[in-house]
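A short write-up of the structure that comes next.
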Amino acid sequence: MSSLDLVIGLVFLLVVILVFVALSFRIVKEWEKAVVLRLGRLLGLKGPGIIFLIPFVDRPIIVDLRINSVDVPSQSIITKDNVSVAIDAVVYYKVVDAQKAITTVYNYNIAVLNLAQTSLRDIAGQMELDEILTKRESINLKLQEILDSITEGWGIKVTQVTIRDIRISQDLLSAIAKQAEAERLRRSRIIISEGEKQASTILADASKSYSSNPVALQLRFLETLSDVSQRGGLIVVVPAGSEIYPTLGTALASYDLKKNGATTNPTNK
């Protein structure tokens with residue numbers, strides 16, 4: 001063997017060693033875990049950092065441990081009161097056990113999405129439209145509880161579920177708007193009726209007070225005339241004579257009688 005062949009052989013061996021070494025080391029990021037399979041059998045978890053693998057023997061499966069979000073597409077649902085609605089949501093989850101996530105379920109991302117779709121249809125189908133529109137938070141919590149209880153065996157934790165949009169038909173929207181308008185009209189009439197009731201009670205009390213004090217009634221009448229006369233472009237015609245002041249005349253006569261009675265009583269004694 002010549003020296004040239006020896007050099008070529010050494011260079012080839014060095015290249016093979018470098019390739020082997022390069023394939024033996026992998027870098028796993030801080031937010032990842034490597035599930036290592038050796039000849040098809042589970043070896044364990046490795047990482048983060050630099051991990052050593054046997055080339056062509058060990059196979060690493062990288063699992064992201066960060067919170068992931070999946071959009072649940074719009075689901076057409078018939079509610080308990082036979083109303084058709086379309087609901088879409090967002091599910092937030094993360095892998096807490098990478099080994100279970102790989103060995104228990106084939107594709108945990110698709111599995112979470114399909115589970116969220118079916119669970120959302122089941123929950124909304126058992127509720128009426130008014131409950132769906134007013135109890136979004138309870139739907140979120142219930143859906144999260146169902147998903148979390150199932151995905152716990154997959155090594156996945158559902159952190160949050162949010163109903164993003166609820167869509168109903170235009171005809172139903174018009175009916176709901178009319179119902180809301182009727183409800184506001186009913187409340188306004190109730191408020192007006194309550195105001196009239198309170199006003200009638202106050203006027204009844206005022207009439208009792210004025211009946212015992214006619215001068216106060218006449219003064220109130222004069223004050224009302226004064227308020228009316230201050231409005232621009234308005235002329236108030238009041239007939240002259242004592243006919244317009246009957247209560248004042250009655251009050252003055254009563255006052256004179258009391259005064260005369262007070263002056264005559266000492267002489268009678």
Side-chain angles (χ1 to χ4, degrees), residues 1-76 86-123 140-165:
M1 180 181 295
S2 64
S3 58
L4 181 60
D5 293 336
L6 181 61
V7 172
I8 293 175
L10 291 176
V11 171
F12 178 76
L13 180 61
L14 181 60
V15 171
V16 171
I17 294 175
L18 291 176
V19 171
F20 184 84
V21 171
L23 295 176
S24 298
F25 292 97
R26 291 286 299 273
I27 297 177
V28 180
K29 300 181 179 66
E30 179 65 29
W31 55 86
E32 295 176 340
K33 279 285 186 179
V35 181
V36 181
L37 301 177
R38 176 166 292 175
L39 297 178
R41 296 180 61 88
L42 179 66
L43 181 63
L45 299 176
K46 292 187 178 182
I50 299 177
I51 62 174
F52 177 78
L53 303 171
I54 300 177
F56 312 109
V57 176
D58 294 341
R59 179 195 170 201
I61 302 176
I62 306 300
V63 179
D64 197 325
L65 302 180
R66 293 175 294 182
I67 293 178
N68 190 18
S69 64
V70 57
D71 293 332
V72 180
S74 181
Q75 303 295 306
S76 297
I87 305 176
D88 60 275
V90 181
V91 179
Y92 299 89
Y93 66 93
K94 65 179 179 179
V95 177
V96 295
D97 191 334
Q99 183 171 314
K100 282 185 178 181
I102 295 299
T103 59
T104 305
V105 61
Y106 173 69
N107 189 326
Y108 58 85
N109 293 304
I110 297 178
V112 170
L113 174 59
N114 292 333
L115 181 61
Q117 290 178 341
T118 55
S119 300
L120 180 59
R121 285 196 295 266
D122 292 340
I123 293 174
N140 294 338
L141 295 176
K142 190 173 182 180
L143 184 56
Q144 179 181 352
E145 182 181 354
I146 293 175
L147 295 178
D148 199 28
S149 63
I150 297 176
T151 57
E152 183 179 1
W154 303 347
I156 295 173
K157 171 67 177 177
V158 177
T159 60
Q160 187 178 359
V161 178
T162 303
I163 298 296
R164 185 162 53 185
D165 191 17

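Put simply, the side chain of T104 never gets that close to the backbone of A101: no donor and acceptor are under 3.5 Å apart. Judged by distance alone, with hydrogens and angles left aside, the side-chain atoms of T159 form a donor-acceptor pair with the main-chain N or O of Y92 at under 3.5 Å. Put simply, the side chain of Q160 never gets that close to the backbone of V158: no donor and acceptor are under 3.5 Å apart. Using a distance-only test at 3.5 Å, with no hydrogens or angles considered, a donor-acceptor pair links the side chain of D58 to the main chain of I54. Side-chain N or O atoms of S119 include none that pairs as donor or acceptor with a backbone N or O of A116 at under 3.5 Å.
Interatomic distance, CD1 of I62 versus CZ of R26, reported as 5.5 Å (0.5 Å rounding). Taken from CG in L120 to CG in L147, the straight-line distance is 9.0 Å, to the nearest 0.5 Å. Taking CG from D122 and CD from Q75, the interatomic distance works out to 10.5 Å, rounded to the nearest 0.5 Å. Separating the OG1 atom in T162 from the CG atom in D88 is a distance of 11.0 Å, to the nearest 0.5 Å. Atom NZ of K157 sits about 3.5 Å away from atom CG of D148, to the nearest 0.5 Å. Of the inter-residue distances, the one linking D97 atom CG with E152 atom CD reads 11.0 Å to the nearest 0.5 angstrom.
Using a 4.5 Å heavy-atom cutoff, the side chains of K29 and P48 are not in contact. T151 is not listed as a side-chain neighbour of Y108, based on a closest heavy-atom distance of 4.5 Å or more. A heavy-atom distance below 4.5 Å is found between the side chains of L113 and P73.
Residues A34 and V28 approach most closely at CB-CG2, 4.0 Å, considering heavy atoms. Summarising the geometry of L37 relative to L42, their closest heavy-atom pair is CD2-CA, 3.7 Å, with the distance given to 0.1 Å. Here the closest non-hydrogen pair linking V95 and L65 is O-CD2, 3.6 Å. Across K33 and G47, no two heavy atoms sit closer than the pair NZ-O, 2.9 Å.
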### Task
Please step through side chain to side chain contact (heavy atoms under 4.5 Å, CB included) for the pair L45 and V36, ending with a clear verdict.
CA-CA 6 Å; L45 299 176; V36 181; over 6 Å; no
### Task
Take V112 and I156, measure what side chain to side chain contact (heavy atoms under 4.5 Å, CB included) needs, and give me the verdict at the end.
CA-CA 9 Å; V112 170; I156 295 173; 4.1 Å; yes
#### Entry: Worked check of side chain to side chain contact (heavy atoms under 4.5 Å, CB included) between W154 and L115
CA-CA 12 Å; W154 303 347; L115 181 61; 4.2 Å; yes
### Message
Using the rule given for side chain to side chain contact (heavy atoms under 4.5 Å, CB included), can you reason through V90 versus V161, listing the C-alpha separation, both sets of side-chain angles and the distance that settles it, and then say yes or no?
### Response
CA-CA 6 Å; V90 181; V161 178; over 6 Å; no
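When only modelled atom types and interatomic distance are considered, N109 and Y93 share a side-chain donor-acceptor pair under 3.5 Å.
Annotation: R121, atom CZ; neighbour count of heavy atoms from other residues, nucleotides and ligands within 6.0 Å is above 12. Counted within 6.0 Å of CD1 on I27, heavy atoms from surrounding residues, nucleotides or ligands total 12 or fewer; the atom is thus considered open. In the displayed structure, L18 atom CG is contacted under 6.0 Å by more than 12 heavy atoms of other residues, nucleotides or ligands. In K46, the NZ atom is crowded: over 12 heavy atoms of neighbouring residues, nucleotides or ligands sit closer than 6.0 Å. Heavy atoms of other residues, nucleotides or ligands lying less than 6.0 angstrom from CD1 of I110 number 12 at most.
Ion pairing of R164 with D71 is present here, as a side-chain N (NZ or NE/NH1/NH2) and a carboxylate O approach within less than 4.0 Å.
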